Amino acid sequence: MAVPKRKMSRSNTRSRRSQWKAVAVQTQPCPQCRSPKLSHAACSVCGTYNGRQVIEV
């Protein structure tokens, strides 16, 4: 098991931790109803995916 040989300084530790960020979910407009939807997923408003109706809404 890998074990660090020396203690990491506070500035190095905090610099490393500063890169942990929450990323907003990327959405794109639905081609039918223009509401925001996840890519590669059916639209929850109109129920279409790839130009055809896949969910009864």
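Just so it is clear, the structure is predicted and the values come from calculations on it, not from any experiment.
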Interatomic distance, CD1@Ile55 vs OG@Ser44, rounded to 0.5 Å, equals 8.0 Å
Query raised in the report: Between the side chain of Ser15 and the main-chain N/O of Asn12, is any donor-acceptor distance below 3.5 Å?
Result: no
Does any part of the side chain of Lys21, heavy atoms only, come nearer than 4.5 Å to the side chain of Gln19, both counted from C-beta?
yes
Open item on the list: Taking CZ in Arg16 as the centre, count heavy atoms belonging to other residues, nucleotides or ligands within less than 6.0 Å. Is the count above 12?
Closed with: yes
Would one find more than 12 heavy atoms of other residues, nucleotides or ligands at under 6.0 Å from atom CD of Gln26? no
For residues 30-40, which side-chain donor-acceptor pairs fall under 3.5 Å, sequence neighbours excluded?
unit_1: Lys37; atom_1: NZ; unit_2: Ala41; atom_2: O; d: 3.1

Does any N or O in the side chain of Glu56 come within less than 3.5 Å of the main-chain N or O of Gly47, such that one atom is a donor and the other an acceptor? no
